[in-house]
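Computed over heavy atoms, backbone and side chain alike; hydrogens, waters and symmetry mates excluded. Below, chain A is the first sequence line, B the second, and so on; all start at residue 1. A quick note: this is a predicted structure, and the numbers were derived from the prediction, not measured.
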Amino acid sequence: MNQPQKNTPKKPMTAITPTREDDFAGWYQAVIKSADLAENSPVRGSMIVKPYGWALWENMQKTFDPWLKDYGVQNTAFPLLIPVSFLAKEAQHVEGFAKECAVVTHHRLEADGKGGLIPSSKAELEEPFVVRPTSETIIGDAMSRWIQSYRDLPLQLNQWGSVMRWEMRTRLFLRTSEFFWHEGHCAFEDDAGATKDCLTILDMYEKFFRDYLAFDGYKGVKTAEERFPGADQTYAFESIMQDGKALQAATTHNLGTNFAKSCGIKYQNRDGKETFAHTTSWAFSTRTIGALIMIHGDDDGMIMPPRIAPTQVMIIPVMKDDTQTSTILDFCDSLTRQLKSKGFSVKTDNRDMRSSDKMWDAVKKGIPVRIEVGAREVEQGQVTCVRRDLGKESKKTLAVHEFVETLPQILDQIHDSLLSKSTALKTAYTQNLKTLEDVKSFYHAEGKGCVKVPVSLLQDTGLEAIKETYSLTARVMPFEDEGQTVLLAKAY
RNA sequence: CGGGGCGUAGCGCAGUCUGGUAGCGCAUCUGCUUUGGGAGCAGAGGGCCGGAGGUUCGAAUCCUCUCGCCCCGACCA
């Protein structure tokens with residue numbers, strides 16, 4: 001699947017088979033495999049994030065975490081296991097998550113007499129734990145003790161970790177039983193504080209996605225139906241994939257006083273009266289890696305946005321015979337040091353492989369800039385430079401100093417180009433329609449992508465059937481239309 | 001959990017209908033020639049045919065049961 005195959009003569013050879021057009025889901029998996037981002041594990045539904053994929057996630061954390069701290073958020077670590085009784089506290093919340101919880105019921109194993117191990121019947125827990133599907137309840141419990149006075153507010157907490165939701169159908173990055181994320185949990189004096197928090201964080205997400213991950217999307221409010229279980233209001237950033245489906249890249253929730261009431265988060269207000277705090281929670285997950293793939297990737301594989309790419313520049317030595325090896329490698333080495341000292345993430349691929357294979361490897365991994373250094377370049381003090389997003393047509397030879405000086409611009413150009421492609425994708429896959437009939441005929445005619453319709457259609461009893469028929473859901477009511485429209489789409 | 005597909009060498013697959021010595025391509029290893037977008041020739045190694053039971057002289061192939069993966073739904077970040 002990750003190997004080149006003889007495509008039909010008409011199509012140019014691609015590094016990835018199947019192509020996006022042939023089979024989008026198959027293409028998606030092939031990209032992950034070819035880029036060596038992640039793989040399935042022996043644990044059903046749980047992935048192994050491989051070093052290259054994890055490096056990407058680490059870069060996301062490194063970028064985003066300081067923003068949170070700057071805003072006033074403090075990092076914490078709460079237990080992986082949550083007492084079942086905690087989860088049971090908030091009615092909506094239970095209903096939302098109970099059916100996808102992994103439960104820990106024992107604390108000891110014993111031999112089953114057949115060479116295996118089973119939970120010991122003598123070691124059953126009095127109260128089972130659930131592996132956290134999200135941490136509102138256990139953090140809420142702590143908040144109820146930590147918050148006494150309005151002086152303790154706002155309390156802004158976050159943790160980087162993983163959670164588990166027992167999903168029926170899993171797909172690498174997009175939906176796995178265990179997934180990695182950050183989860184912010186904050187408490188405020190009033191609704192104004194909580195709402196402002198949700199919107200501030202949502203803006204932060206948008207900035208992160210646009211300025212670092214180079215993708216566009218719709219910021220807005222979720223419909224009542226699509227709200228987080230236990231939230232008064234859910235905000236989201238919805239992005240559009242190359243197959244026209246929507247993907248929720250991040251959400252923020254105004255939990256109102258729902259969790260404050262169920263967890264007992266009360267404080268004495270400025271008038272000395274006991275008052276419930278207003279809490280929020282917000283998150284983005286390793287799912288955004290799936291979004292990166294489906295937004296930027298092409299038939300040659302991954303395309304990493306330069307500002308988040310684990311490796312921004314891959315230097316490929318092109319050796320003809322042994323006599324040149326050391327001078328070429330020295331040249332690469334000095335170039336690497338030069339670029340590293342300027343803060344770029346650079347690698348020289350000096351593996352003992354054919355150079356053309358190394359080039360394809362860099363292509364499939366989506367490394368933004370590829371540099372080829374052979375005898376010619378060494379002699380002339382030049383480098384040959386190729387942009388991943390534009391392919392071999394963009395191959396250019398530059399003097400070394402010129403390359404080093406312009407690299408920031410090259411990376412910015414790649415970023416800008418990816419972002420504007422993503423905006424174009426979003427626009428091309430959004431139809432502005434007025435009536436249910438329009439929606440029906442659009443999808444009936446095999447229309448691909450999302451439709452934006454007046455919010456009043458949510459009231460229309462005919463909408464359900466259409467949503468059902470075409471597997472649509474209400475994604476978000478975009479801010480750009482001031483809540484007057486709602487985006488309907490198939491979604492990941 | 002429903003409907004469909006699939007588990008055979010590291011990867012991708014054929015062989016299964018019609019039971020009879022385990023195959024192909026790529027990758028790997030060796031040698032020589034090559035090297036600027038997936039090199040050529042010659043040779044070599046590699047398998048409990050997902051697992052467990054059956055039927056049979058004989059099972060990758062037939063039967064039963066299981067486990068896992070993929071796609072489309074339902075559920076969802």
Any base atoms under 4.0 Å from [X], or only sugar-phosphate, or nothing? Heavy atoms, all strands.
X        : value
A:Thr176 : base
A:Leu247 : nothing
A:Thr286 : nothing
A:Gly45  : sugar-phosphate
A:Asn40  : sugar-phosphate
A:Val163 : nothing
A:Glu167 : base
A:Glu377 : base
A:Gly96  : nothing
A:Arg376 : base
A:Ala375 : base

What integer number of Å spans the [atom1] atoms of [N] and [M]?
N     : M     : atom1 : answer
B:U66 : B:A27 : C1'   : 33 Å
B:U8  : B:G51 : P     : 10 Å
B:G20 : B:C62 : P     : 11 Å
B:G43 : B:G25 : P     : 13 Å

Counter-base of [N], judged by Watson-Crick or G-U geometry with both distances under 3.5 Å:
N     : answer
B:A39 : B:U33
B:C65 : B:G51
B:A77 : none
B:G2  : B:C72
B:U18 : none
B:U56 : none
B:U28 : B:A44

Quiz item: Quick one: on RNA chain B, does A:Arg171 or A:Lys467 contact a more 5' nucleotide (nearest heavy atom)?
Solution: A:Arg171

Exercise. Name the residue closer to the 5' end of RNA chain B, choosing between A:Glu468 and A:Glu393 according to the nucleotide with the nearest heavy atom.
Key: A:Glu393

Quiz item: Roughly how many Å is it from CG in A:Asp349 to P in B:U35, rounded to a whole number?
Solution: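 In whole Å, B:U35 P and A:Asp349 CG are 20 Å from each other.
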
Quiz item: Starting at OH of A:Tyr28 and ending at C1' of B:C71, how long is that distance when rounded to a whole Å?
Solution: 15 Å

Please tell me which of the listed nucleotides, [options], lies nearest to the side chain of [X]?
X        : options             : result
A:Asp357 : B:C1, B:G38, B:G36  : B:G38
A:Glu100 : B:A77, B:C75, B:G36 : B:C75
A:Trp360 : B:G38, B:G36, B:A74 : B:G38
A:Val363 : B:C69, B:G36, B:G37 : B:G37

Taking OP1 and OP2 of [N], is either one under 4.0 Å from a side-chain nitrogen or oxygen of [X]?
X        : N     : answer
A:Gln29  : B:C69 : no
A:Arg354 : B:U35 : no
A:Ser356 : B:A39 : yes
A:Lys358 : B:G37 : no

Quiz item: If we ignore angles and hydrogens, is there a donor and acceptor under 3.5 Å between the side chains of A:Thr19 and A:Asp22?
Solution: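 Result is yes, a qualifying pair exists.
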
Exercise. Show your reasoning for whether ring pair (Phe, Tyr, Trp, His ring centres under 6.0 Å) applies to A:Phe64 and A:Tyr205.
Key: CA-CA 9 Å; A:Phe64 196 74; A:Tyr205 287 147; 5.5 Å; yes

Exercise. Evaluate whether the aromatic ring of A:Phe179 and the six-membered ring of the B:A77 base sit under 5.5 Å apart, centre to centre, with an inclination under 30°.
Key: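 Aromatic stack with B:A77 present for A:Phe179.
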
Quiz item: Less than 6.0 Å separating the ring centroids of A:Phe228 and A:Phe97?
Solution: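 So the answer is yes for these two rings.
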
Self-check item: Ring centres under 6.0 angstrom apart (A:Tyr52, A:Trp54)
Solution: no

Quiz item: Which residues satisfy the salt bridge (charged side-chain N to carboxylate O under 4.0 Å, His left out) test with A:Arg387, sequence neighbours excluded?
Solution: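 Checked A:Arg387 against salt bridge (charged side-chain N to carboxylate O under 4.0 Å, His left out); matches are A:Asp389.
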
Quiz item: Within 45° of the axis and under 6.0 Å from the centre of the six-membered ring of A:Phe237, does NZ or CZ of A:Lys219 qualify?
Solution: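 No - A:Lys219 does not lie over the ring of A:Phe237 by the 6.0 Å and 45° rule.
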
Only distances under 3.5 Å count here; give the side-chain donor-acceptor pairs of residues 365-373 of chain A to other protein atoms, sequence neighbours excluded, each with its distance to 0.1 Å.
residue: A:Arg370; atom: NE; partner: A:Glu372; partner atom: OE2; Å: 3.3
residue: A:Arg370; atom: NH2; partner: A:Glu372; partner atom: OE2; Å: 3.0
residue: A:Glu372; atom: OE1; partner: A:Lys395; partner atom: NZ; Å: 3.3

Quiz item: Where the side chain of A:Arg475 meets the backbone of A:Gln248, is there a donor-acceptor pair that is under 3.5 Å apart?
Solution: no

